[in-house]
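This report refers to the structure that appears directly beneath it.
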Protein chains: 2
Amino acid sequence: MARYGKEHKLATRQRIIETAGRRFKRSGIDGSGVATLMADAGLTNGAFYAHFESKEDLVATAVSDQLREQRERLAAVAPGRAGLEQIVRAYLSPEHRDHPEEGCPSAALLDEISRCGEPTRRTYTDSVLAIMDDFAARLAPEDPESARTTVLSVYALMVGTLQLSRALTDQKLADDLLEQGIRNALALLD
Amino acid sequence: MARYGKEHKLATRQRIIETAGRRFKRSGIDGSGVATLMADAGLTNGAFYAHFESKEDLVATAVSDQLREQRERLAAVAPGRAGLEQIVRAYLSPEHRDHPEEGCPSAALLDEISRCGEPTRRTYTDSVLAIMDDFAARLAPEDPESARTTVLSVYALMVGTLQLSRALTDQKLADDLLEQGIRNALALLD
DNA sequence: GCGATTGTATTACGACCATACGACCATAAG
DNA sequence: CTTATGGTCGTATGGTCGTAATACAATCGC
């Protein structure tokens, strides 16, 4: 039945998901057309609907995949609160700010995501909460449940700070904002 | 020379700016076409370029106008830090979250703004800083200069919190996040 | 090793919408 | 009644999403 290797289509799908994730973060969701997304993966627009039901389907899948990948990377840093501080500093770094296409999808796309349909937002919610639970376990290993809201609110702080730093044209102010954001985040974690 | 009253075209322009501000916040910038924007103002697309050089020109103008209007409204609340607390609570309220088209343009559009061209971002920066300086004067009347970064970072916290609360599908979690955001903002202001 | 089978991707297409602009017209001020 | 003006409409060019018919290529049975 399977004339092609089973992994062939799956690999293509994964390639589309990954290049789309980067494209969305660079150009926005509404700013990325299907033809462009497929060209990024080395394909043409016609093949798109063999892999996804709709563009919105890809959006949910790509954002979820980006967050999953980010979560895996975060699992590698030092455990406990020391690791958390390291994560905060990397998140609110000028490098992260200046390369949105390789960074956090929330920072690049959050207000477009909030205008998406409910299924997409649910997928997003689940993916974010998985990361938040990891954070909560770092912060309060004995009671991660109650730490959930705390880490979520710190995440919101980091997302907003990075977005604002990206929008400001005053370089020094944008840098100061990042540093102040780090201080604020660390203070709220204690 | 002026066959029409001077105020006629100006009034039309202002009407376009105001309806466009609401439309952008509801549907996003890339999600709002020129024809729709003009129809909202009771006109057709052709008249657009008699009022604005380009869509991007309208974006900058509309966002700036929204922030100016917000700044004027904020000037009316009780002075000093008491007023600040009132502002924070209104900003992070479920009402604000559930009606983006009447709310803060930063919360609705920040990551789309950060993908705009430099002139648009500069206009945005100026408008935001005007509000921030008002905030700083409330917080530290004797030294508003050094309070600028503080209030800007709290603004970033509020923007991120509202955006995240809009995106989450878990209602209780979204509500808890708003409340935690209020506590965090107030703590950071002291 | 070879041809038939079968899944993948391409190209072409439809209907619609995007921004931008220019010709035309009704209207209102002088 | 003339004239400048704001607005409508039509057009040019290119993009959008989504679908369908077609070409290609890789694996299987023989």
Side-chain angles (χ1 to χ4, degrees), chain A residues 1-21 23-63 109 112-113 115-117 119-120, chain B residues 1-21 23-63 109 112-113 115-117 119-120:
Chain A
M1 324 192 177
R3 299 296 161 133
Y4 278 69
K6 281 183 187 175
E7 67 280 0
H8 187 242
K9 183 170 181 180
L10 223 79
T12 303
R13 178 186 159 94
Q14 191 59 31
R15 196 173 72 244
I16 298 170
I17 291 170
E18 276 163 21
T19 54
R23 170 63 66 175
F24 282 143
K25 288 188 285 184
R26 189 191 320 167
S27 309
I29 295 173
D30 285 348
S32 308
V34 171
T36 304
L37 292 165
M38 293 300 278
D40 285 346
L43 299 172
T44 52
N45 59 335
F48 180 85
Y49 295 91
H51 294 280
F52 303 96
E53 281 194 0
S54 64
K55 186 187 174 184
E56 176 104 359
D57 178 16
L58 172 62
V59 170
T61 307
V63 170
L109 303 171
E112 276 188 298
I113 291 171
R115 284 189 292 268
C116 285
T120 301
Chain B
M1 324 190 178
R3 301 299 163 129
Y4 279 68
K6 279 183 189 175
E7 67 282 357
H8 187 241
K9 185 172 182 180
L10 225 80
T12 302
R13 177 185 159 93
Q14 191 57 30
R15 195 172 72 243
I16 297 170
I17 292 170
E18 277 164 20
T19 53
R23 169 64 66 175
F24 282 142
K25 290 187 286 182
R26 190 191 320 167
S27 308
I29 294 173
D30 285 348
S32 306
V34 171
T36 305
L37 291 166
M38 293 301 278
D40 285 346
L43 301 172
T44 52
N45 58 336
F48 180 84
Y49 294 90
H51 294 279
F52 304 96
E53 280 193 3
S54 64
K55 186 187 174 185
E56 177 103 358
D57 178 18
L58 172 61
V59 170
T61 307
V63 169
L109 303 171
E112 275 189 301
I113 291 171
R115 285 189 292 268
C116 285
T120 301

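Numbered from 1 within each chain, the chains take letters A, B, ... in sequence-line order.
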For dA9(C), take OP1 and OP2 only and decide whether either is under 4.0 Å from a side-chain N or O of T12(A).
yes
Looking for any heavy atom pair under 4.0 Å, which part of the strands does G33(A) touch: base, sugar-phosphate only, or nothing?
sugar-phosphate
Please report the distance, rounded to the nearest Å, between CZ in R15(A) and P in dT8(C).
13 Å
Given dA20(C), dT11(C), dT8(D), identify the nucleotide with an atom nearest to the side chain of N45(B).
dA20(C)
Rounding to 0.5 Å, atoms NE2 (H51(A)) and CE (M38(A)) come to a distance of 5.5 Å
CG/D30(B) to CD1/I29(A) distance, rounded to the nearest 0.5 angstrom?
10.5 Å
Please list, chain by chain and in numerical order, all residues satisfying side-chain hydrogen bond (donor to acceptor under 3.5 Å, both in side chains) with D40(A), sequence neighbours excluded.
R23(A)
Indicate yes or no: at least one non-hydrogen side-chain atom of F24(A) is less than 4.5 angstrom from one of L37(A).
yes
Could you work out which one of dC17(D), dA18(C), dT8(D) sits closest to the side chain of V34(A)?
dC17(D)
What is the distance from CE of M38(B) to P of dT8(D), rounded to the nearest Å?
7 Å
What's the separation between atom OG1 in T61(B) and atom CD in E53(B), rounded to the nearest 0.5 Å?
9.5 Å
Strand-adjacent residues in residues 48-61 of chain B, judged by heavy atoms under 4.0 Å from DNA chain D
H51(B)
Can you measure L37(B) atom CG to dA20(C) atom P for me and round it to whole angstrom units?
12 Å
Of the listed dT16(D), dA9(C), dT11(C), the closest approach to the L43(A) side chain comes from dA9(C)
Where the side chain of A47(A) is concerned, which of dG7(D), dT10(C), dT16(D) is the nearest nucleotide?
dT10(C)
Which heavy atom in L109(A) sits nearest to a heavy atom in G28(A), and how many Å separate them?
CD2-CA, 4.1 Å
